[in-house]
Protein chains: 2
Amino acid sequence: MSKLGSAPTLDDVAKLAGVSTATVSRCLNNPGQVVEATRLRVQSAVDALGYMPNFAARVMAAKRSSTIGAIIPTMENAIFARGLQAFQEELHQHGYTLLVSSSAYEPEIEEEQIKTLVARGADGLLLIGHDRHPRIYENLERWKIPALVAWSYLPDAQLPCIGFDNRAAMAELANHVIGLGHTRIGVISGISAGNDRARLRINGIQDAASQHGLDPSDLTIIETPYEIENGASAFSEVMSQNIPPTAVLCGNDVLAVGALHRAMEMGLNVPRDISITGFDDIELARIATPALTTVHVPHREMGRRAASALIGMLENQASGHGNPLATHIVERQSLGPPPDA
Amino acid sequence: MSKLGSAPTLDDVAKLAGVSTATVSRCLNNPGQVVEATRLRVQSAVDALGYMPNFAARVMAAKRSSTIGAIIPTMENAIFARGLQAFQEELHQHGYTLLVSSSAYEPEIEEEQIKTLVARGADGLLLIGHDRHPRIYENLERWKIPALVAWSYLPDAQLPCIGFDNRAAMAELANHVIGLGHTRIGVISGISAGNDRARLRINGIQDAASQHGLDPSDLTIIETPYEIENGASAFSEVMSQNIPPTAVLCGNDVLAVGALHRAMEMGLNVPRDISITGFDDIELARIATPALTTVHVPHREMGRRAASALIGMLENQASGHGNPLATHIVERQSLGPPPDA
DNA sequence: ATGAAAAATGCAAGCGCTTACATATTTGCT
DNA sequence: AGCAAATATGTAAGCGCTTGCATTTTTCAT
């Protein structure tokens, strides 16, 4: 059937091997159903022709794609890379392929990407965080696409989720900081609008403040996109107050590294003059100078669990619900007691 | 036609709007061919149903996907992120979608990913570097898939390419280093097998050495995967010789940052005791301590040009060939004269 | 040897969409 | 008003594959 110059099709293979297309299809997908001799014959036809199954045709006929889509806020920093890597490895072991796209932290782009992935036949979706337009959840339901949220655990969330308690994790760190004697605290957060992780981390700091009798509204909070540069500018800003803080808690390691760098430029010694902390524990945190005290998030474990949960939802109508993952503080060199202590 | 519980199809929309499927299809793809009133009627049917075109069906019927595939060695470091971002933006403007996958620097995985992308209907492919099994080039030809190589410019390459001259760029830096008086030079390179960029950068250093009357075989060259940790270990190794080098040239910024970090741990002052250079000029280079002297690569420009070239190949049978991009040395603080100078 | 059950293979109907080509409608002239 | 040309819409044939069901071949117990 193939007009010269087109890629060979199942038909071509079938013809060459002298069998029906059904048999070729079975050789490729369920070799067990086909007798050895036939399988070999078909295989050599495939090789001779350099045949590649057409994915679109397969998806159409089979009505599943064995593909999972993931939309992450950004590929530009390492935050999601590790978890996604584990996610993908686990999927691969179960015969699924991962398609990744990024939303640049823009809700509209995320919505578009979700549509694209669904249109492309994704059997399931991995989303980051819970904050998004309700319409998206309605559509997901309408299209009957199983979806799972990662990087944020919320007990009563709309969608099943695999993640950790951002609020409690940050509260733990903030408690520790306050426990060291810090009372004037600056916060450099990611943009919290549409980002529950960022918002909950701020809430965690506020929780810790109240708990220690500090007024949460005394916290200086600056929100800025997750980029090193922005961490630096925000640090300048937070330090430019009449009475600057003695500790600056950052919403993630990327911002913290920017802050650290700016502190050094300003001639401040960290942690003697000022303490700075991060969140996530990416590689950058270890090699920063001084090494960053931060909250370790089990990214790989999270990715792996997310994959299992999603596959469970796809194959066994499992609910996808699980327990939150534990985080812990990694103490390195960027946090110390306040200067006057 | 839709059995309850399935996503709505073109048929459903056509029925609801009281037109034929052809008209609906035209409304979606060539609204100009359809009269306003019809278009509106169809649009509201689409909205009412929450209709999403099925991509697989569309690809099959139209025999093109408006999708470009890119296989990059890794998503784990920022080297490719920026260029790919620009690539994708440019594609998007021309109505193409980008599908990215990574090969983990493994030739077999790369080959598999290429097949996957082609099977998924990619109209064209972006590949990184030239070194790969000839079979892959044969297949690409057989399948009639236009492909373009980026990140490495070679005048007589198999495939059209957009990139810079890795060898000359690194030679320029090495010349500068040697010009400062360094004669004992260490090299920390990525794994050069199957990676022409890594190999050519080494060659560039060797070129510069010969040119200055140094024996290229005196260079201590260590190859190691592109990870910060590895840069650190390699640095220890290269410094453990009887007569350690006074300058260590690294194959990329990631390795250089690792080396820098280890140097600091060893109590060495950079650049007073030892000079260290990188390659790529990613953000990390700027915020490293001391800031890294490196080779700036115009990643965004490269990505943009690669997109234009590939689209040209797809739409106008353009050859895709272009000119090499220019790189330049960025002098920061990690390179100085040798200690005894 | 022989027939029933099991295993292997073939047949053919779609999957949801695009797009020639055919047909119906509108437009612009005279 | 009336006709040709231009424009809008409909008809239906696939695109390459999977899979339920029908048919053929093999296996195995008698």
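Just so we're on the same page: letters track the sequence lines, and every chain starts at 1.
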Q: Give the rounded distance in Å between these two atoms: CG of B/N30 and C1' of D/dT7.
A: 14 Å
**Q.** Test side chain to side chain contact (heavy atoms under 4.5 Å, CB included) applied to A/P146 - qualifying residues, sequence neighbours left out
**A.** A/M313, A/L314
Q.
Applying a 4.0 Å non-hydrogen cut-off, can you work out what B/Y51 is touching in the nucleic acid: base, sugar-phosphate, or nothing?
A. sugar-phosphate
Q. For B/E301, which residues count as a salt bridge (Lys or Arg N to Asp or Glu O under 4.0 Å) partner, sequence neighbours excluded?
A. B/R304, B/R305
Q. Nearest-Å distance, CE (A/M52) to C1' (D/dC15)?
A. 17 Å
Using a cut-off of under 3.5 Å, enumerate the N/O to N/O pairs linking the protein to nucleotides 8-11 of chain C.
residue : atom : partner : partner atom : Å
C/dT9   : OP1  : A/T38   : OG1          : 2.3
C/dT9   : OP2  : A/V35   : N            : 3.0
C/dG10  : OP2  : A/S20   : N            : 2.8
C/dG10  : OP2  : A/S20   : OG           : 3.1
C/dG10  : OP2  : A/T23   : OG1          : 2.6
C/dG10  : N7   : A/R26   : NH1          : 3.3
C/dG10  : O6   : A/R26   : NH2          : 2.6

(Q) Tell me every residue that passes side chain to side chain contact (heavy atoms under 4.5 Å, CB included) with B/R64, counting only those two or more places apart in sequence or in another chain. (A) B/A62, B/S66, B/D123
Counting only pairs under 3.5 Å, give me each side-chain donor-acceptor contact of residues 130-137 of chain A, with atom names and distances, residues two or more places apart or in other chains.
residue : atom : partner : partner atom : Å
A/H130  : NE2  : A/S152  : O            : 3.1
A/D131  : OD1  : A/R199  : NH2          : 3.0
A/D131  : OD2  : A/D196  : N            : 3.4
A/D131  : OD2  : A/R199  : NH2          : 2.5
A/R132  : NE   : A/E110  : OE1          : 3.1
A/R132  : NE   : A/E110  : OE2          : 3.2
A/R132  : NH1  : A/G129  : O            : 2.8
A/R132  : NH1  : A/Y137  : OH           : 3.1
A/R132  : NH2  : A/E110  : OE2          : 2.6
A/R132  : NH2  : A/I128  : O            : 3.1
A/R132  : NH2  : A/G129  : O            : 3.3
A/H133  : ND1  : A/R135  : N            : 2.9
A/R135  : NE   : A/E111  : OE2          : 2.8
A/R135  : NH2  : A/E111  : OE1          : 2.9
A/R135  : NH2  : A/E111  : OE2          : 3.3
A/Y137  : OH   : A/H130  : O            : 2.5

Q: Please report, rounded to the nearest Å, how far the P atom of C/dG14 is from the CZ atom of A/R64.
A: 19 Å
Q: Mind calculating the distance between NZ (B/K63) and P (D/dG16) to the nearest angstrom?
A: 6 Å
Q) Would you call A/E112 and A/K115 a salt bridge, taking side-chain N to carboxylate O under 4.0 Å as the test? A) no
Q: Check the distance between C/dG16's P and A/F55's CZ and give it to me in whole angstrom.
A: 16 Å
**Q.** B/N54 side-chain N/O to C/dC15 phosphate OP1/OP2 under 4.0 Å
**A.** no
**Q.** Distance in angstrom units between B/L10 CG and D/dG10 P, rounded
**A.** 13 Å
Q. Using a distance-only test with no angle check, is there a side-chain donor-acceptor pair under 3.5 angstrom linking B/S65 and B/R58?
A. no
Q) Side chains of B/Q93 and B/E89: donor-acceptor distance under 3.5 Å anywhere? A) no
Q. Quick one: B/L28 CG to C/dG16 C1', roughly how many Å, whole number?
A. 13 Å
Q) How long is the line joining CE of B/M60 and P of D/dA13, in whole Å? A) 16 Å
Q: Note down the inter-axis angle between the two ends of the helix from C/dA1-D/dT30 to C/dT30-D/dA1, five pairs each, to the nearest 10°.
A: 20°
**Q.** A/L125 vs A/L148, side chain to side chain contact (heavy atoms under 4.5 Å, CB included): CA-CA, chis, key distance, verdict
**A.** CA-CA 6 Å; A/L125 247 38; A/L148 181 74; over 6 Å; no
Q.
Tell me if a side-chain donor or acceptor on B/R41 pairs with a main-chain N or O of B/A17 at a distance below 3.5 Å.
A. yes
